[in-house]
4 protein chains.
Amino acid sequence: MKKEQILKTSIEILAERGYANTTTRMISEKAGIAVGSIYTHFKSKEAILDEIFLSEYEKRATYLKSLKKIQGRQIDKFDRFLDFHFMELDINRDLMMVLARESGNPELQDLDGVQKFVHQLPDFFKTILDEAIEIGEIRPLNTTLTGKIIFSTIRGTVFDSVIRTKDLDLDDIKKELQAFIKNAIQI
Amino acid sequence: MKKEQILKTSIEILAERGYANTTTRMISEKAGIAVGSIYTHFKSKEAILDEIFLSEYEKRATYLKSLKKIQGRQIDKFDRFLDFHFMELDINRDLMMVLARESGNPELQDLDGVQKFVHQLPDFFKTILDEAIEIGEIRPLNTTLTGKIIFSTIRGTVFDSVIRTKDLDLDDIKKELQAFIKNAIQI
Amino acid sequence: MKKEQILKTSIEILAERGYANTTTRMISEKAGIAVGSIYTHFKSKEAILDEIFLSEYEKRATYLKSLKKIQGRQIDKFDRFLDFHFMELDINRDLMMVLARESGNPELQDLDGVQKFVHQLPDFFKTILDEAIEIGEIRPLNTTLTGKIIFSTIRGTVFDSVIRTKDLDLDDIKKELQAFIKNAIQI
Amino acid sequence: MKKEQILKTSIEILAERGYANTTTRMISEKAGIAVGSIYTHFKSKEAILDEIFLSEYEKRATYLKSLKKIQGRQIDKFDRFLDFHFMELDINRDLMMVLARESGNPELQDLDGVQKFVHQLPDFFKTILDEAIEIGEIRPLNTTLTGKIIFSTIRGTVFDSVIRTKDLDLDDIKKELQAFIKNAIQI
DNA sequence: CATGAATGAGTTTTCATTCAT
DNA sequence: CATGAATGAAAACTCATTCAT
């Protein structure tokens with residue numbers, strides 16, 4: 001309950017000011033609680049970010065696992081993942097901002113949640129690519145590296161777009177990304 | 001002279017510790033000068049980063065301008081740019097680390113040098129893409145967005161690789177990136 | 001019942017970490033109760049220490065009172081007290097640690113129990129010395145001051161020994177102290 | 001210069017309030033400097049205490065070394081040391097308070113200066129005792145333990161006296177202690 | 001009588017920047 | 001131009017204690 005309130009408030013402030021410029025005092029004041037209460041629910045300021053990334057990672061991991069069982073072309077699964085990812089982003093723009101900005105924040109690379117978000121998702125992509133190669137859907141390529149490249153492509157693009165304009169057309173970006181990736185790997 | 005020394009030392013420490021964990025005192029001590037002397041040559045701590053990014057941006061901008069005059073397929077120019085970029089990185093691994101890490105640091109997005117590095121380079125890519133479309137070398141696409149996508153792809157991939165392993169094979173990554181981008185855009 | 005459990009647990013933790021580094025939370029967790037429950041039984045964190053010192057003071061005061069009625073040389077009563085004191089220490093090393101450390105803790109000098117432990121015991125010694133002088137067993141001396149000196153000698157020696165080695169030979173120390181004190185005062 | 005000012009001010013406040021109740025802010029305000037300036041001269045709040053103890057230890061160590069070369073009875077050297085020690089205390093009552101209180105503060109036992117003060121001085125006493133035994137000036141005894149006992153006796157007595165009364169007669173205490181110790185060890 | 005989430009004043013420490021020498 | 005002591009705002013985090021359930 002109150003934990004949710006802290007997370008929600010944190011995302012709002014983090015989206016506006018960035019991690020380094022967000023203080024625990026700001027969060028507590030905006031959430032209408034005492035500073036100490038943050039520490040009742042989170043081990044540290046970093047742990048808030050950790051939780052955000054972990055939860056968002058899990059959403060995506062669950063979705064990617066569900067994709068595995070689904071019939072159809074492997075290559076289309078990237079389209080589907082992007083549909084899912086951008087839909088989530090559209091629902092909560094602040095959250096999108098935080099994920100895009102802080103997943104690249106050198107300060108936070110050690111957090112479990114960030115690590116998973118940044119390293120496990122590319123691994124899922126690799127798995128899809130491996131299967132796609134087996135059935136000859138895509139050109140021969142280093143699936144590990146390409147998994148990472150695809151992840152970087154998506155993340156970097158969202159990051160760039162999001163920090164420049166408030167009202168960007170997510171749909172345009174999504175379609176351009178989908179085409180870019182599909183072309184990049186297909187035969 | 002002394003300014004160069006400060007820059008060189010800063011890059012070494014920044015590569016090892018990251019911007020937030022690098023203090024002006026560390027730089028002055030390692031450079032063998034007084035803290036105050038840093039401020040004779042730089043307006044602020046941020047200004048050091050600004051200068052680093054500006055100078056690296058200019059190297060790449062100059063190279064891209066020189067590419068323009070060169071004959072040959074537009075599409076190959078991305079290969080050439082990546083050859084140049086990775087060569088530079090190979091010469092100075094510390095610098096590569098700094099560019100990869102801090103170009104995505106939310107704290108530093110307002111710096112002139114970072115802005116140019118992060119926003120102008122994609123614009124150069126856009127120009128190349130525009131010409132490539134005109135002569136029918138590549139498929140129809142939103143060149144502005146795709147310019148950004150290509151930049152994000154390169155930067156993100158280097159960043160990911162560089163913070164994970166010390167002795168990564170830059171050549172493998174370069175070749176995979178070149179193939180990825182070429183396939184992504186060509187007809 | 002539960003109060004005893006809190007005391008027992010507190011002594012264990014206090015012996016290991018010292019007063020300033022022991023939190024009420026630690027005590028409650030190790031004792032398997034809620035933090036709030038500590039405050040059902042004790043007015044404050046300090047009150048736990050107060051109780052410990054008071055109870056240990058009373059043990060010694062009772063023993064010293066019983067010594068009064070006993071026949072024999074006054075001067076031997078210090079031997080007996082030390083026998084009693086060291087026996088108690090040997091039974092509960094953690095308790096010994098707490099008494100030795102915290103009786104000298106400036107933070108805790110105002111506690112009733114500590115005051116009694118630290119100021120009343122020397123008074124008992126004074127009484128013994130007064131009688132010993134009267135019957136000419138010991139040399140003439142300021143009994144108030146010497147009572148304090150004897151107490152300080154005992155406490156300080158135990159404190160020094162106990163914080164240095166875990167497995168010290170209490171018996172050696174006791175005998176050395178007994179000889180030291182007896183010689184110091186006798187005619 | 002300013003370092004001396006910080007030390008002087010710290011001793012005044014520490015004497016009045018004790019280590020745990022002395023804040024860095026109090027010191028800086030009373031010394032008329034900025035909080036940060038404390039950290040220009042001292043690594044931490046603890047380091048101030050460390051310096052105080054180290055310097056006082058060295059005074060005494062130097063004196064004890066000079067005593068070694070002096071002719072005369074070993075046993076009288078304790079008298080001389082106490083003369084010196086009490087003279088120093090008389091000059092600076094605040095300092096005496098700090099040494100007496102905090103040398104027994106469990107929190108500070110790890111500091112180099114405190115360690116030296118509390119463990120090296122007894123070692124010097126041991127050396128004196130060793131020689132005294134050799135020439136038959138004192139009764140046979142465990143010199144290591146007795147060195148510690150003498151130290152504890154002195155420290156504890158000063159501590160006890162000093163925290164009770166502001167205007168105690170140091171001279172009485174000194175004489176009583178001298179007699180106590182001399183009797184305790186002599187043949 | 002037990003619980004444990006909530007409190008918030010208070011603490012030490014850091015560090016970019018300045019400026020008198 | 002160089003120096004480095006001095007600055008002081010600001011930050012994360014702690015923890016004894018309370019009180020509604």
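Below, each value reflects all heavy atoms present in this structure, side chains not excepted, and no hydrogens, waters or symmetry copies. Every chain is numbered from 1, with letters handed out A, B, ... down the list of sequences. What you are looking at is a predicted structure, and each value in this text was computed from that prediction instead of being measured.
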Next on the checklist: Using whole Å, what does the distance between atom C1' of nucleotide F/dC15 and atom CZ of C/Arg17 come to?
Outcome noted: 13 Å
Next on the checklist: By the 4.0 Å heavy-atom rule, please label B/Thr24 as base, sugar-phosphate, or nothing.
Outcome noted: base
Next on the checklist: Under the criterion salt bridge (Lys or Arg N to Asp or Glu O under 4.0 Å), I'd like the reasoning laid out for B/Lys8 against B/Glu12: C-alpha separation, chi angles, the key distance, then a yes or no.
Outcome noted: CA-CA 7 Å; B/Lys8 192 172 157 292; B/Glu12 283 167 29; 3.3 Å; yes
Next on the checklist: Quick check on E/dC1: is either OP1 or OP2 less than 4.0 Å from any side-chain nitrogen or oxygen of C/Lys2?
Outcome noted: no
Checklist entry - Rounding to a whole Å, what distance do you find between A/Ile13:CD1 and F/dA12:P? => result 12 Å
Checklist entry - F/dT14 pairs with which nucleotide, Watson-Crick or G-U wobble, both distances below 3.5 Å? => result E/dA9
Checklist entry - D/Tyr39 ring centre to D/Lys45 NZ or CZ under 6.0 Å, with the angle to the axis within 45°? => result no
Item to check | d(CD, A/Glu107; P, F/dA12) in whole Å | outcome: 11 Å
Checklist entry - Hey, what do you get for CD1 (A/Ile13) to CG (A/Asn21), rounding to the nearest 0.5 Å? => result 12.0 Å
Checklist entry - Tell me: OH of C/Tyr39 to C1' of E/dA5, nearest whole Å? => result 15 Å
Checklist outcome for this item: Side-chain atoms of B/Ser37 come closest, of F/dA6, F/dA2, F/dT17, to F/dA2
Next on the checklist: In whole Å, I'd like the distance from the CD1 atom of D/Ile27 to the P atom of E/dG10.
Outcome noted: 18 Å
Checklist outcome for this item: Side-chain contact check for D/Ile33: nearest option of F/dA12, F/dT7, E/dT17 is F/dT7
Item to check | 5' precedence on DNA chain E between D/Asn21 and B/Val35 (nearest-nucleotide basis) | outcome: D/Asn21
Item to check | Nearest-Å distance for atom pair CD1/P, residues D/Ile38 and E/dT13 | outcome: 10 Å
Item to check | Face-on cation placement of D/Lys116 at D/Phe53 ring, 6.0 Å and 45° thresholds | outcome: no
Checklist entry - Taking for each residue the nucleotide of DNA chain F bearing the nearest heavy atom, is the 5' side occupied by A/Arg25 or by C/Gly36? => result A/Arg25
Next on the checklist: Within the 4.0 Å heavy-atom criterion, would you say B/Ser44 contacts the bases, only the backbone, or no part of the nucleic acid?
Outcome noted: sugar-phosphate
Next on the checklist: One pair to check against salt bridge (Lys or Arg N to Asp or Glu O under 4.0 Å): C/Glu29 and C/Arg25. What are the steps and the verdict?
Outcome noted: CA-CA 6 Å; C/Glu29 271 170 18; C/Arg25 190 156 302 274; 5.0 Å; no
Checklist entry - Nearest-Å distance, CG (C/Asp50) to P (F/dA16)? => result 17 Å
Item to check | Stepwise side chain to side chain contact (heavy atoms under 4.5 Å, CB included) test for C/Leu49 and C/Val114 | outcome: CA-CA 8 Å; C/Leu49 263 285; C/Val114 175; 5.7 Å; no
Next on the checklist: So D/Thr40, base contact, sugar-phosphate only, or nothing? Heavy-atom distance under 4.0 Å.
Outcome noted: base
Checklist outcome for this item: For E/dC1, the nucleotide meeting Watson-Crick or G-U wobble distances (both under 3.5 Å) is none
Next on the checklist: Please determine whether a side-chain nitrogen or oxygen atom of B/His41 lies at a distance below 4.0 Å from atom OP1 or OP2 of F/dA2.
Outcome noted: yes
Checklist entry - If pairing requires Watson-Crick or G-U wobble contacts with both distances under 3.5 Å, which nucleotide is the partner of F/dA9? => result E/dT14
Checklist entry - Side chain of C/Lys45: nearest nucleotide among F/dC13, F/dG8, F/dA16? => result F/dA16
Checklist entry - Could you give the CE-to-C1' distance, from A/Met1 to E/dA6, as a whole number of Å? => result 15 Å
Checklist outcome for this item: Comparing nearest nucleotides in DNA chain E, the 5'-proximal residue of the pair D/Ala20, A/Ala34 is A/Ala34
Checklist outcome for this item: Of D/Gly32 and C/Met26, the one whose nearest nucleotide on DNA chain F sits closer to the 5' end is D/Gly32
